[in-house]
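Right, one structure below, let's go through it.
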Amino acid sequence: MTDYAQTVTTVDSEEAALALARSAVEERLAACAQVSGPITSVYRWEGRTETAREWQVAFKTTAEAYPELEAHIKARHGYDVPEILLIPVTTGNAAYLAWIDEETR
């Protein structure tokens, strides 16, 4: 695993997305969290194809901070099975990566 990662999740409202983004940054689990949306998700749930309006939150973080960030998201998420994905960052602007290190300590 690389030292840096982007973690993504989706939630059912802009308010929930902003609250989750703010709390993760305030607790230094992510250096930054970007909220995008609304987006339309199409997925299978309990045997049916569903369509939902959602907001995506992308957290800029470190691999070291991921376990705490995952727990943070799960504790505040309204879904039974929330999307929480860790996407490794293989390279990036060295100054930006150093900033992530500094802000997640």
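By convention here, the first residue in the shown sequence is residue 1.
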> In Å, rounded to the nearest 0.5 Å, how long is the span from CD of Glu68 to CZ of Arg28?
Replying inline: 12.5 Å
> So, for Phe59 and Ala33, which heavy atoms are closest and what is the spacing to 0.1 Å?
Replying inline: CD2-CB, 3.7 Å
>> Are there over 12 heavy-atom neighbours, none belonging to Glu70, within less than 6.0 Å of that residue's CD?
In response: yes
>> Nearest 0.5 Å, please: how far is OG1 in Thr104 from OH in Tyr4?
In response: 8.0 Å
>> For a quick check under 3.5 Å, do Tyr79 and Glu54 share a side-chain donor-acceptor pair by atom type?
In response: yes
> Cluster question for you: counting only ILVMFWY and a side-chain heavy-atom cut-off of under 4.5 Å, with indirect links fine, are Trp55 and Ile39 together?
Replying inline: no
>> Show the nearest heavy-atom pair for residues Cys32 and Tyr96, with the distance to one decimal.
In response: CB-OH, 4.4 Å
> If every non-hydrogen atom of Trp45 is compared with every non-hydrogen atom of Asp80, which pair is closest and at what distance?
Replying inline: CZ2-OD2, 4.1 Å
>> Using a 6.0 Å cut-off, check whether atom CD of Glu64 has over 12 heavy atoms from anything other than its own residue.
In response: no
> If two hydrophobic side chains count as joined below 4.5 Å and joins carry through other members, does Leu69 share a cluster with Val35?
Replying inline: yes
> Are Val25 and Tyr66 linked, directly or through other ILVMFWY residues, by side chains that come within less than 4.5 angstrom of each other?
Replying inline: no
>> Quick check against the 3.5 Å criterion: does Thr9 have a side-chain atom that pairs as donor or acceptor with the backbone of Glu83?
In response: yes
> If we only count heavy atoms from C-beta on, is the Thr61 to Leu29 side-chain gap below 4.5 Å?
Replying inline: no
>> If you compare all heavy atoms of Leu20 against all heavy atoms of Arg76, which two are closest, and at what distance to 0.1 Å?
In response: CD1-CB, 4.0 Å
>> Distance check, rounded to the nearest 0.5 Å: Ile100 atom CD1 versus Thr62 atom OG1?
In response: 8.5 Å
>> Lys60 vs Gln6, test: side chain to side chain contact (heavy atoms under 4.5 Å, CB included). Steps then yes/no.
In response: CA-CA 5 Å; Lys60 313 310 186 218; Gln6 178 170 286; 2.7 Å; yes
>> If I take atom OG1 from residue Thr90 and atom CG from residue Asp3, how far apart are they, to the nearest 0.5 angstrom?
In response: 12.0 Å
> What's the spacing between Thr7 OG1 and Ile84 CD1 if we round to 0.5 Å?
Replying inline: 9.0 Å
> Is the backbone of Ser13 close enough, under 3.5 Å, to the side chain of Arg53 for a donor and an acceptor to pair up by distance?
Replying inline: no
> Can you tell me how far OH of Tyr43 sits from CZ of Arg48, rounded to the nearest 0.5 angstrom?
Replying inline: 9.0 Å
